[in-house]
Amino acid sequence: MAAVFLYKKRKPRLEQGHPWVYKSEIEREDADIVPGQLVDVQNHLGKYLATGYYNEASQLTVRIVSYSPLEAMTTAFFIERFTRAFQHRQRFVKGAQSYRLVYGEADFLPGLIVDKFEDTLVVQVLTLGMDRCRDSIVEALVQVMKPAGIYERSDVPIRELEGLKQTKGLLYGDCSKHVDILENGLRIRVDIEEGQKTGYFFDQRENRAAIAPLMTGWGHRSGIQLAEVEENGEMQMLPVNANGKVVTYPLWDGASVLECFSHTGSFTLNACQFGAKKVTCLDISEHAIESARTNVALNGFEDRVEFVVADAFEYLRTQVKGLDERKLRAAAGAAGQAKVDTSKPVGTSGRTWDVVILDPPAFAKTKSAVEGACRGYKDINLHGMKLVNEGGYLVTASCSYHMHPELFLETIHAAATDAGKLLRLIEFRGAGMDHPRILGVDEGHYLKFAIFEVRSK
């Protein structure tokens, strides 16, 4: 077996379970190693540490697949790994037929992603070592999962860092362009050919469900209370408005919600399911909003959702500007001042919501981009929390690995200070159970999800 030998003076990351060996950690290596082949990784004394596949073209020169000697990644090897991955999902994502089946390093298969959409599998092959095993991967997936079809979505730039071309297309069986899945009891139509990444983001499944307590309990703001009322000759507890009249609207207690960066509208769907009375669903992409429209219609929520195609940064700023103008006019009127020009109409900006949800794409894809990402996260959260009704909630997320959890919270805290708001952290979460994380591999801790109560100082 060919081998690479590591420097004596290096951090013991590999011994601590980290699955990557960087080029800078390798002191020497055997001659004539073929890119993509398996190599043994040994320390400076020649002690065996692990086995991984090699690619000299990548700064991540060796990616570990086994901590015991392994001669080849055969079909049998993949069958064993896929079976273990499937068993994990059966245990922790009970009853679901759609989820992330293989999550790269966390399932001991670096460079490979497999998402299950009902009986269709979507595969991403991201590295040369995995690309060489394409046939074995497909054969093993067919044996373990028995899918109707397997579709490849390896059309991602990261492959080019491995010296590979971007590619996508049918690998096995038959695949429809659109697949309907169920998540949290909601019907969602996934575009496996043109949707982002593999077509859908499963990592927020549990986080979407976590907004349930925020969606009801708002009727009192409109003066609606439950009271004992005689109805049809019987005394019943019914919602009654400030004038004592029974409120017949079934969603009288629901929240008003703004979802920015909506993509397929997944948070919008969950908000509606949990009782929101009105949701504004916003994304800059026409294609994304059309997907969200389809999903809203599939679940019968059309009467509660308005769709906006706009840049979230600009939309939030415009609403805050309108809100400030309204406050200025109100203050001037109360003081009997005429310093504010009221000849121009206020317009439709200046709206506020009970719950504002911010789930942006990654702002920091490299370490050098962190400073700019902090400015972006601060900007959207500052403007977002200004639009939350007093005592309402800001739901905010970051999927940038380089935006570490502590930095994420510090950035939001700085935004709250500038906005004159007090935030109470209600819940802080990561990715779902079909996205496990190996302890010590910080790169796997990419998703941060937080729910804050927002109050003014």
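Nothing here was measured: the structure is a model prediction, and the numbers come from that model.
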Pairing of [X] and [Y] as salt bridge, 4.0 angstrom limit:
X	Y	answer
E390	R221	no
R89	D434	no
E183	R208	yes
D131	R159	yes
E325	K321	no
E25	K11	no
D115	K197	no
D203	R100	no
E290	R293	yes

[X] and [Y]: side-chain donor and acceptor closer than 3.5 Å?
X	Y	answer
D253	T216	no
E259	T268	yes
Q166	E160	yes
N295	T264	no
K168	S154	no
E443	W20	no

State, with a plain yes or no, whether a side-chain heavy atom of [X] is found less than 4.5 Å away from one of [Y].
X	Y	value
L409	P405	no
P360	Y377	yes
E105	R63	yes
P110	P19	no
L14	V21	yes
M385	V356	no
N381	L358	yes
L121	Y151	no

Aromatic ring proximity F92/H88, centre distance under 6.0 Å: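 Yes, close enough.
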
Worksheet item: Do the two ring centres, one from F202 and one from Y200, sit under 6.0 Å apart?
Response: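 Yes, the ring of F202 comes within the 6.0 Å limit of the ring of Y200, centre to centre.
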
query = How are the rings of H404 and Y401 set to each other: parallel, tilted or perpendicular (split at 30° and 60°)?
reply =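 Correct class here is tilted.
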
Which word best sums up how the rings of F261 and F363 line up, parallel for under 30°, tilted for 30 to 60°, or perpendicular for over 60°? perpendicular

Over 12 non-hydrogen atoms of neighbours within 6.0 angstrom of [atom1] in [X]:
X	atom1	value
D311	CG	yes
M433	CE	no
E371	CD	no
K165	NZ	no
E306	CD	yes

For this session: Just do the side-chain contact (heavy atoms from CB on, under 4.5 Å) check on L258 and L316 with the steps written out, would you?
Result: CA-CA 10 Å; L258 168 64; L316 292 172; 3.9 Å; yes

Is it the case that the side chain of [X] and the backbone of [Y] share a donor-acceptor pair, with hydrogens and angles ignored and the cut-off at 3.5 Å?
X	Y	result
S262	L282	yes
K421	A415	no
T61	E56	no
S176	V179	no
R132	P35	yes

- Dump the intermediate steps for side-chain contact (heavy atoms from CB on, under 4.5 Å) on L238 and L226, then the final yes or no. CA-CA 5 Å; L238 296 173; L226 285 174; 5.7 Å; no

Inset, instruction - Under the side-chain contact (heavy atoms from CB on, under 4.5 Å) rule, what do F82 and L141 come out as? Steps first, then yes or no, please. - result: CA-CA 7 Å; F82 293 154; L141 284 173; 3.5 Å; yes

How long is the span from the [atom1] atom in [X] to the [atom2] atom in [Y], to the nearest 0.5 Å?
X	Y	atom1	atom2	answer
N184	L182	CG	CG	10.0 Å
H178	F117	NE2	CZ	12.0 Å
R437	Y446	CZ	OH	12.0 Å
I211	N270	CD1	CG	5.5 Å
T280	W353	OG1	CH2	5.5 Å
R189	K177	CZ	NZ	12.0 Å

Can you see which heavy atom on [X] is nearest to which on [Y], and at what distance?
X	Y	answer
G129	M73	O-CE, 3.8 Å
G392	V388	C-CG1, 3.4 Å
H18	Y67	O-OH, 4.0 Å
L126	E162	O-CG, 3.6 Å
M215	A276	SD-CB, 3.8 Å
N241	V247	N-CG2, 3.8 Å

Only pairs under 3.5 Å count here: list side-chain donor-acceptor contacts from residues 422-430, not counting sequence neighbours, and write none if there are none.
from, atom 1, to, atom 2, distance (Å)
R424, NE, E453, OE1, 2.9
R424, NH2, E453, OE1, 3.0
R424, NH2, E453, OE2, 3.4
E427, OE2, R429, NH1, 2.7
R429, NE, N207, OD1, 2.7

Apply salt bridge (charged side-chain N to carboxylate O under 4.0 Å, His left out) to residues R317 and D379 and explain how you reach the verdict. CA-CA 9 Å; R317 290 191 198 104; D379 187 63; 2.9 Å; yes

Practice item. Any chance you could lay out the side chain to side chain donor-acceptor pair (under 3.5 Å) test for T198 and R153, step after step, and finish with the verdict? Key: CA-CA 6 Å; T198 62; R153 284 296 306 275; over 6 Å; no

Notebook entry, point to check: Step by step, would you call Q196 with F201 a side-chain contact (heavy atoms from CB on, under 4.5 Å)?
Noted result: CA-CA 8 Å; Q196 292 183 31; F201 299 109; 3.6 Å; yes

F452 meets the ring-ring contact (aromatic ring centres under 6.0 Å, His included) criterion, sequence neighbours left out, with none

